[in-house]
Amino acid sequence: MTAAAVLPAKKEHRLTDLGFWAEWAAAVGLVLLVVVFQILNPTFLSSGNIASMLVAAAILVILAVGQTFVVATGGIDLSVASVMTLGAVVFGQAYTMGWGLIGSCLGAVVAGSLAGLANGLIIAKGRITDFIVTLGMLSAASGAALILADGKPVTIVDTFLLKLATGGIGIFGWPVIIAIVIAVAAHGLLFWTRFGTHVLATGGSAEAATATGISTGRVKIAVYTIAGLLAGVGAILLIARVGAAEPASNTSFLLNSVAAVVLGGVSLLGGRATILGPVIGALLLTALTNGLTLLGVSQFYQPLAVGLVVVLAALLTRFQK
Amino acid sequence: MTAAAVLPAKKEHRLTDLGFWAEWAAAVGLVLLVVVFQILNPTFLSSGNIASMLVAAAILVILAVGQTFVVATGGIDLSVASVMTLGAVVFGQAYTMGWGLIGSCLGAVVAGSLAGLANGLIIAKGRITDFIVTLGMLSAASGAALILADGKPVTIVDTFLLKLATGGIGIFGWPVIIAIVIAVAAHGLLFWTRFGTHVLATGGSAEAATATGISTGRVKIAVYTIAGLLAGVGAILLIARVGAAEPASNTSFLLNSVAAVVLGGVSLLGGRATILGPVIGALLLTALTNGLTLLGVSQFYQPLAVGLVVVLAALLTRFQK
Amino acid sequence: DEGTTAGGDAKVAAVIKGLDNPFFQSMEAGINDQAKTSGTTVTVQAANSISDTTGQADKLTGLAGQDFGCYIVNPISGTNLIQGIAQLAAQKKTIVNIDSPVDAEAAKAANATPATYIGTNNVSAGQKAGEQMLTLLPGGGKVAAIGGTAGDVTSGARVEGFTTAVTGKLELVQTVAANWERQEALTQATNILRAQPDLAGFFVANDDMGLGVARAVATAGKTGQVKVISVDGIKDALEAVKAGQVDAVVAQYPYAIGQMGMEACQAAAKGATLPASVEAPVEVVTKENADKALAATPKPFGEYADPFTSLIG
Amino acid sequence: MINVDSVSLSFGSVRALVDVSLTINKGEITALVGDNGAGKSTLVRCISGIHRPQSGTISLDGEPLHFKNPEEAREAGIETVHQNLALVEDLTVWQNLFLNRELVHRIGPFAVLDKRGMQRQAKEMVSTLAVNVPAVRNRVRRLSGGQRQAVAICRAASFSSRLVIMDEPTAALGVQETARVEELILRLRDEGHAVLLISHNFAQVMRLSNQVWVMRAGRCVGGRRTEATSGEEIVALITGAKNG
Amino acid sequence: MINVDSVSLSFGSVRALVDVSLTINKGEITALVGDNGAGKSTLVRCISGIHRPQSGTISLDGEPLHFKNPEEAREAGIETVHQNLALVEDLTVWQNLFLNRELVHRIGPFAVLDKRGMQRQAKEMVSTLAVNVPAVRNRVRRLSGGQRQAVAICRAASFSSRLVIMDEPTAALGVQETARVEELILRLRDEGHAVLLISHNFAQVMRLSNQVWVMRAGRCVGGRRTEATSGEEIVALITGAKNG
Ligand SMILES: Nc1ncnc2c1ncn2[C@@H]1O[C@H](COP(=O)(O)OP(=O)(O)OP(=O)(O)O)[C@@H](O)[C@H]1O
Ligand SMILES: Nc1ncnc2c1ncn2[C@@H]1O[C@H](COP(=O)(O)OP(=O)(O)OP(=O)(O)O)[C@@H](O)[C@H]1O
Ligand SMILES: [Mg+2]
Ligand SMILES: [Mg+2]
């Protein structure tokens, strides 16, 4: 395009661009949802409720950030939720074996990272579809968790963890602050480092990335390890939240983490991503259940309402046309 | 390639081609699995056990066939399992309201097809990612099922359904025969009609398909409707099998249906598909749980074993290199 | 410990387990019916499914910020609701724990002991089923157990109770997980029947799966020959007992539990001191008393002690 | 025959087409030339129904066209060889050639693909153009750049149509293949079709076309009868050294 | 400098390369010509580490090369403009130009992308080649065919390398852009790089190259010094009318 063919206003350009809006579906949806819920029930935006919503969203945010890296390479990690379960069980076993808090936390993170690394290695070296490998890991990690824990939950009473779960700065609980730090770091990693560019290139066109000498295998291994590591961090927050390390799988986190990513405007085909989008997607999903509960919507109607809102949030962007 | 540059043997060509083996991972895995289980427990290949395995696999086969059409266009249907639940509940309500067997069956199939149609319309007209729309439908359909059924199962005592569930020809129960008929019809539809070619073209390159004048929107609507319709058929078999229409979510069918498709060598990117592959994938998954239970593998070790076998089945093809 | 609000505000919130299971629907009905007869308002929320621990926790924290006077909680695990409960305790709200107990140690750490606990111990329900199995199989034999989701607390407790009761007398050959799904239970039971041709009985962790197992037994032509015992007491299962498809059901009466939970809130609102723990009724329903049980359902057919009736006068 | 009347189209802030007007005549080869990014392919996509102009009209034999999608354009008799080829890589050569034009047997109520027939015809079609003829049962993914181009051209030329648009058809082709495609283009003209040819190869444009339109930065800056112009003049129009 | 010695490669039954031997010299432009599907791009992919030959060796300055992947080829100083372009469509122009060559600031232990610097340099690089210069912050998906080609050429030419391979670099380019690319190729030669040029444009080959190799159906059927041959002889070699 020559200079003559370019309209001058740069700002206008972004706001009239459909792609821009499509990427921010989640944000628009979140704002609308908040307005509706606040009108219907004024306690929705009370500081207490905002604080508890944020805490409730923290784990999902962290998992969604990990999932974003994987999805940016064009993959999908179906095992995040059960790797988190595995991390939690490892934490529980370590704690009862007297490794102490720090040792147990390390245990959880290392277990998560190793599971992620295994995913990445099998996908990169074995050249098997992400879907099948992580589906296998979903099963294998929950099996390993069951075996380790012998099927029984371990109650963990630790004052530090309890403070972690309930304390914070202002309306931001500690889990929220941890999630924010992780999201900011992830944004930096994705958009301000060579590694991040290579992640996007791998997702955009593995062929082209390979041709420029990027080792897409190594990139894949790295993103799955990141997803596993973050699942391990999620496990620690989960234990702080529910006060126990349980071997039962948290299936809802799986679909919700992918939903947050997609609602956040990240294409499952890979190559384009944001971190803010999935974070807002996670907040949207959390606000949705919170609001429906506050409004006292009957249990039977909640799934229907969730389904409709999710589709509407995605449809929203289309009206911008 | 000129005539001179082509090796003569056509057969050899297929068997030394890596792509060929990658497509048949499930078959190789199934054969190995059968051999191993048979050695460990000779009742595995008893005609009785084969018959009950086949019946147990029938619903999954039908769902996997529907999923294959969707995946061939590059989409994914996360709602198959809950649409099946919805179909079952509609059947139950119709039956108690005295619509009779045929009316109720029609009700289930129509409900499934409508849910699929809704998926397709929103995806094609609203241009929203398949993942989000069908995730919304997953939630919405199970919500609708809960509301319709008021959360309660309806016991259905019908001699015809009972015969359907238990009778058959030789080792092939009626559900198996229905599944075979559906698979054969699906194969014909996919590979011997214009529609099938258009499905593959849509998945291969929506841009190119559009440029040749194929309405990819209509193709998408059609495949989701097919998936919904088959979920409705699955609902009927499910009712015949358990003797009740329940609003409970059948989550395991969702991941298993996609796993069967991917194990069957169908790429989630779309554009290439077989019907036989997913059918074998479904059989593999069913044989796996059957065999593990026959061997008396502990419930804690089963998920681990399933995970490992799924990944190994996929890895298998790599050794062919 | 009383922990009531001074004004006697009886607005009640309840957080129970997944409503996709008739057991908890019956519990909800008990809560709602009692609220209606006494003219109290109640909001009932349930987890999305029986394994949705964090979702349930989110629901309780969502309700905790509102102006309810009394909270009825039925936690999925011993500790998953502990944060919300701590929040409630800090606000001096009444907490009534029903069905599954809140972990005592965790409650103490959170400075939040529920005002009362009403429920049946799942271990003892499993035990009752085990004892019934022993009377059904006086000559011993092989039995198998079908549990819910692997690692699930309720399922684990019921199977554990059953196991302790039959150890040494019956041979428990296999325990499988069927994800609380009837279809899955049917498939697994079929497989087990194949692997163990001389199996004499199934213990099933809930009724819905129990009906699937009964179907598998019937398909194999072994009804009556292979005993089926399940836990819960939903109506369909009682009918199946009557019809002879299921041999016995250990009924836990969630309706009565819900009703008593609501009564406890009313009593607390009146300023009464609540008993620390109330045993809810459990009955073993067999073919002999199935008619009586069906007639009374969702209430227990026998007598049971309800200490709250006197408290709310 | 085809009249493009002050068509404009912008992508966000990029004005790809600005008030473009030109005509394409029956039985003639019309060339469209211009620098990279001048807007040629975008104009082609407007005529073949992929984009819809934001203003202006395109009319066929005096009737304004309002294609909602490429299917309608194909039905109106407009076949296009797109620059990005628009082949489905995972389908075979014959499937691509007959895409959305499949031959079928009628068996009772069913229309079953006539695979044999299509393969036979596909072989004939391809062998007229390509030198290293690819097996028609190969997937397009495996073809070389020029083989793909040949397949795309075959597809556009093989179905009766009123206007054949070729966006840089010989860019990837070898000498022999180029010669065959030029023959094909001349044959299409002789059969009375209109041909719109986009090419950066001047020699080719001067050799084949009857009429040349020049685009520069989204505008159509001039049109000439080929016999009345020279390579130099066209280059001057393209670079802006001379104005229409 | 580069010696290709009886390299063969088959895809299933397609023998894309059969005993190909040729040499590429430093400070010279070597042309590789042949029909569509003759195997030119496949040979390029062997030299740049994408495919590994099934037999035969490729050596650089007498040392045999065993690239496991394109990264090693790039490290050895071999830059390639592939025929299928190998751009990441979802990344911007400047990101593509600096892909796997990103400039970074060091801030303590972190290496942070120098986005400004890369954008500035990218602008300069692109403006030397393209006429309708695309904004470097545009995603490649939005560029016209020729603009993409220009970006791919810029990338290969901008990093110090010993051998620059260009697979039909000017196929999609306009007159002005073609002229600039030809200038660039000559400049690369004058700077002492070796250039391997694949082109179907004979005039160009005769104008630029010092040496021509001809491929036919997977075989290298002959090589000539450009000054000692004519367009006719090359065509005869390509079509098989004459043998090497
Ligand atoms: N989908 C799109 N979104 C944004 N900009 C686009 C899009 N398609 C084309 N453009 C821009 O419009 C201008 C014209 O592009 P077009 O493809 O029509 O050029 P062209 O004349 O065909 O060039 P070439 O000879 O290189 O093929 C270019 O600047 C290009 O970047
Ligand atoms: N990955 C592959 N799998 C199978 N066959 C292939 C593959 N890549 C190339 N071929 C075949 O190898 C032969 C040579 O292809 P190549 O791309 O090298 O030709 P080329 O000389 O570059 O032609 P063009 O001038 O058209 O670009 C062709 O017949 C092609 O079909
Ligand atoms: Mg163009
Ligand atoms: Mg080539």
Side-chain angles (χ1 to χ4, degrees), chain B residues 41 43-44 46 48-53 55-57 59-60 84-85 88 139 142-143 145-146 149-155 157 162 165-166 173 237-253 286-287 289-304, chain C residues 18-22 24-26 28-29 46 48-51 144-151 155 159 173-197 207-209 211-212 214-216 218-221 234-237 239-240 243 245:
Chain B
N41 184 335
T43 49
F44 185 74
S46 66
N49 194 44
I50 293 180
S52 63
M53 258 197 291
V55 170
I59 296 173
L60 185 57
M84 178 166 77
T85 303
S139 211
S142 39
L146 276 173
D150 197 23
K152 296 186 187 68
V154 178
T155 304
V157 186
L162 202 66
T166 49
L237 294 187
L238 183 70
I239 289 176
R241 185 163 168 72
V242 302
E246 294 185 285
S249 58
N250 296 288
T251 25
S252 57
F253 278 112
T286 312
T289 32
N290 177 288
L292 289 175
T293 305
L294 279 193
L295 296 183
V297 172
S298 143
Q299 55 165 346
F300 295 164
Y301 284 86
Q302 284 209 12
L304 189 64
Chain C
L19 274 190
D20 54 353
N21 185 325
F24 301 106
Q25 288 162 27
S26 184
E28 186 191 22
N48 287 330
S49 71
I50 205 150
S51 61
I146 310 265
T149 316
S155 166
V159 173
V173 288
Q174 201 166 356
T175 302
V176 296
N179 298 330
W180 302 116
E181 279 178 27
R182 199 187 287 201
Q183 200 276 141
E184 190 79 31
L186 198 168
T187 309
Q188 292 286 23
T190 309
N191 295 345
I192 293 175
L193 284 172
R194 185 83 50 201
Q196 310 285 346
D207 282 348
D208 203 35
M209 293 193 294
L211 291 168
R215 192 81 196 262
T219 310
I234 64 169
K235 196 166 163 234
D236 284 357
E239 269 162 3
Q245 292 151 344

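Just the heavy atoms: all of them, side chains too, but no hydrogens, waters or symmetry mates, feed the values below. In what follows, every chain begins at residue 1, and chains take the letters A, B, ... in the order their sequences are listed.
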Legend entry - For B/Ala56, side-chain contact (heavy atoms from CB on, under 4.5 Å) partners two or more places apart: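 Listed in chain order: B/Arg241, B/Thr286, C/Thr187.
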Inset, instruction - Assess whether side chain to side chain contact (heavy atoms under 4.5 Å, CB included) is satisfied between C/Gln174 and B/Leu295, documenting all intermediate values. - result: CA-CA 10 Å; C/Gln174 201 166 356; B/Leu295 296 183; over 6 Å; no
Inset, instruction - Output the distance between atom NZ (C/Lys235) and atom OG1 (B/Thr155), rounded to the nearest 0.5 Å. - result: 9.0 Å
Inset, instruction - Enter the distance from B/Thr293:OG1 to C/Arg194:CZ here, rounded to the nearest 0.5 Å. - result: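 Answer rounded to 0.5 Å: 12.5 Å.
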Legend entry - Portion of C/Glu184 that has a non-hydrogen atom of chain B nearer than 4.5 angstrom: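 Looking at C/Glu184, just its side chain touches chain B.
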Legend entry - Structural part of C/Gln188 lying under 4.5 Å from a heavy atom of chain B: both
For [X], which atoms come within 4.5 Å of any heavy atom of chain C: side chain, backbone, both, or neither?
{"X": "B/Leu238", "result": "side chain"}
{"X": "B/Val297", "result": "backbone"}
{"X": "B/Tyr301", "result": "neither"}

Inset, instruction - Would you check if C/Ile146 and B/Gln299 make a side-chain contact, meaning some heavy-atom pair closer than 4.5 Å? - result: no
Inset, instruction - Write down the atom of C/Arg182, the atom of B/Ala244, and the distance for their closest heavy-atom approach. - result: NH1-CB, 2.8 Å
